[in-house]
Asks: 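Dumping the structure here so I can ask a few things about it.
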Amino acid sequence: MPAYAVPFWGWVLIGGMYYVICFVIWTRLFLLPHSPARSIAFVLLAKMMFINAFWNYLFFRARHLQFAYLIGVPYGAMALVLFFLLLKLDGTAAWCLSPYLTYLIYGNLWGYRVWRLNPN
């Protein structure tokens, strides 16, 4: 593990906060009037949650560290697109996502380092 790895309780906190953030965004999107942008935001958030679950499978169950890292890059891009779309739709929802975007910088660096320290 990298020296800057988060302890187990930190991962539990990060995971819990991720789902709180997603719940807040879902709720705020449901309160908005129907629009194509809102529908796209729903799809992006659903895709993010699916890819996050798939990443967990790849990393923890299948132990495909390289694949887990590689899907993290487009995942981060998708999160950024969602953030900018949310800025147009609901600034509060966008700012709720911002701590997770900050975490993704760390998460991608950590994932890369774990992959490189554990060659297949």
Side-chain angles (χ1 to χ4, degrees):
M1 281 293 156
Y4 50 86
V6 174
F8 178 74
W9 63 265
W11 290 117
V12 171
L13 183 64
I14 290 167
M17 290 306 300
Y18 171 76
Y19 288 108
V20 168
I21 289 167
C22 289
F23 175 78
V24 169
I25 294 170
W26 280 114
T27 302
R28 295 196 62 86
L29 286 173
F30 274 117
L31 295 174
L32 294 174
H34 181 72
S35 71
R38 184 185 89 148
S39 297
I40 293 169
F42 273 128
V43 169
L44 285 172
L45 186 55
K47 283 184 177 185
M48 275 183 56
M49 293 180 79
F50 175 80
I51 293 170
N52 182 273
F54 185 57
W55 181 93
N56 281 300
Y57 167 77
L58 286 175
F59 189 86
F60 294 110
R61 284 283 200 196
R63 299 190 190 270
H64 291 301
L65 303 178
Q66 180 181 13
F67 294 138
Y69 170 71
L70 291 175
I71 68 168
V73 175
Y75 176 84
M78 187 182 315
L80 274 175
V81 169
L82 177 61
F83 175 75
F84 288 115
L85 182 57
L86 289 173
L87 278 176
K88 293 180 180 187
L89 291 170
D90 181 351
T92 301
W95 291 112
C96 285
L97 184 61
S98 63
Y100 185 67
L101 294 177
T102 303
Y103 157 76
L104 282 179
I105 296 167
Y106 167 80
N108 282 326
L109 291 171
W110 179 84
Y112 176 78
R113 190 72 182 133
V114 169
W115 164 42
R116 300 312 295 161
L117 287 172
N118 296 283
N120 294 340

Asks: Is there a path of hydrophobic side-chain contacts, each under 4.5 Å between heavy atoms of I/L/V/M/F/W/Y residues, joining Leu104 to Leu80?
Replies: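 Both belong to a single hydrophobic cluster.
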Asks: Could you list the residues that satisfy side-chain hydrogen bond (donor to acceptor under 3.5 Å, both in side chains) with Asn108, not counting sequence neighbours?
Replies: none
Asks: Mind checking the CZ-CD1 spacing from Phe23 to Ile21? Nearest 0.5 Å is all I need.
Replies: 13.5 Å
Asks: Would you say Cys22 and Met49 make side-chain contact, with heavy atoms under 4.5 Å?
Replies: yes
Asks: Does Met78 have any side-chain contact (heavy atoms from CB on, under 4.5 Å) partners at least two apart in sequence or in another chain, and if so, which?
Replies: Leu44, Lys47, Met48, Ile51
Asks: Can you name the side-chain contact (heavy atoms from CB on, under 4.5 Å) partners of Ala77, sequence neighbours left out?
Replies: none
Asks: Checking Phe54 now: which residues fulfil ring pair (Phe, Tyr, Trp, His ring centres under 6.0 Å) with it, not counting sequence neighbours?
Replies: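 Applying ring pair (Phe, Tyr, Trp, His ring centres under 6.0 Å) to Phe54 gives none.
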Asks: Under 6.0 Å from the OH atom of Tyr57, do we count more than 12 heavy atoms belonging to anything else shown?
Replies: no
Asks: Rounded at 0.5 Å granularity, tell me how far CG in Leu45 sits from CG in Leu82.
Replies: 6.0 Å
Asks: Going by heavy atoms in the side chains, are Val6 and Trp110 under 4.5 Å from each other?
Replies: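 Val6 vs Trp110: side chains apart.
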Asks: Is it possible for you to say whether Val73 and Phe67 belong to one hydrophobic cluster, with membership spreading through side-chain heavy-atom contacts below 4.5 Å?
Replies: yes
Asks: With side chains defined as the heavy atoms from C-beta onward, is the minimum distance between Trp55 and Phe60 less than 4.5 Å?
Replies: yes
Asks: Testing the basics here: between Cys96 and Val24, what is the closest heavy-atom pair and its distance to 0.1 Å?
Replies: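 Where Cys96 meets Val24 most closely, the heavy atoms are SG-CG1, 3.7 Å.
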Asks: Closest heavy-atom contact between Leu86 and Ala41?
Replies: CD2-CB, 4.4 Å
Asks: Which residues pass the side-chain contact (heavy atoms from CB on, under 4.5 Å) test with Phe42, sequence neighbours left out?
Replies: Trp26, Leu29, Phe30, Arg38
Asks: Under 6.0 Å between ring centres, would you say that holds for Trp95 and Phe83?
Replies: yes
Asks: With rounding to the nearest 0.5 Å, note down the distance linking CG in Leu32 to OG1 in Thr27.
Replies: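 Spacing of CG (Leu32) from OG1 (Thr27) equals 11.0 Å.
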Asks: Side-chain contact test, heavy atoms from C-beta onward, threshold under 4.5 Å: evaluate it for Asn52 versus Tyr19 and give yes or no.
Replies: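 Of all side-chain heavy-atom pairs linking Tyr19 with Asn52, at least one is under 4.5 Å.
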Asks: Tell me whether the rings of Tyr103 and Trp11 are parallel (<30°), tilted (30 to 60°) or perpendicular (>60°).
Replies: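 Plane angle over 60°, so perpendicular.
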Asks: Quick check: is Phe8 connected to Met17 through a chain of hydrophobic side chains (ILVMFWY, heavy atoms under 4.5 Å apart)?
Replies: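 Met17 does not cluster with Phe8.
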Asks: Among residues two or more places apart or on two chains, list those pairs meeting salt bridge (charged side-chain N to carboxylate O under 4.0 Å, His left out) that have a residue in residues 51-60.
Replies: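 Sorted pair list comes back empty.
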Asks: When clusters are formed by joining ILVMFWY residues with side-chain heavy atoms under 4.5 Å apart, either directly or through shared neighbours, do Ile40 and Leu101 land in the same one?
Replies: yes
Asks: For Phe84 and Leu87, what are the C-alpha separation, side-chain angles and deciding distance, and is it a side chain to side chain contact (heavy atoms under 4.5 Å, CB included)?
Replies: CA-CA 5 Å; Phe84 288 115; Leu87 278 176; 3.8 Å; yes
Asks: Take the angle between the ring planes of Tyr18 and Tyr100 and call it parallel below 30°, perpendicular above 60°, tilted in between.
Replies: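 Rings of Tyr18 and Tyr100: tilted, as their planes differ by 30° to 60°.
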Asks: Which pair of heavy atoms, one from Ala93 and one from Arg28, lies closest together, and at what distance?
Replies: N-NE, 3.9 Å
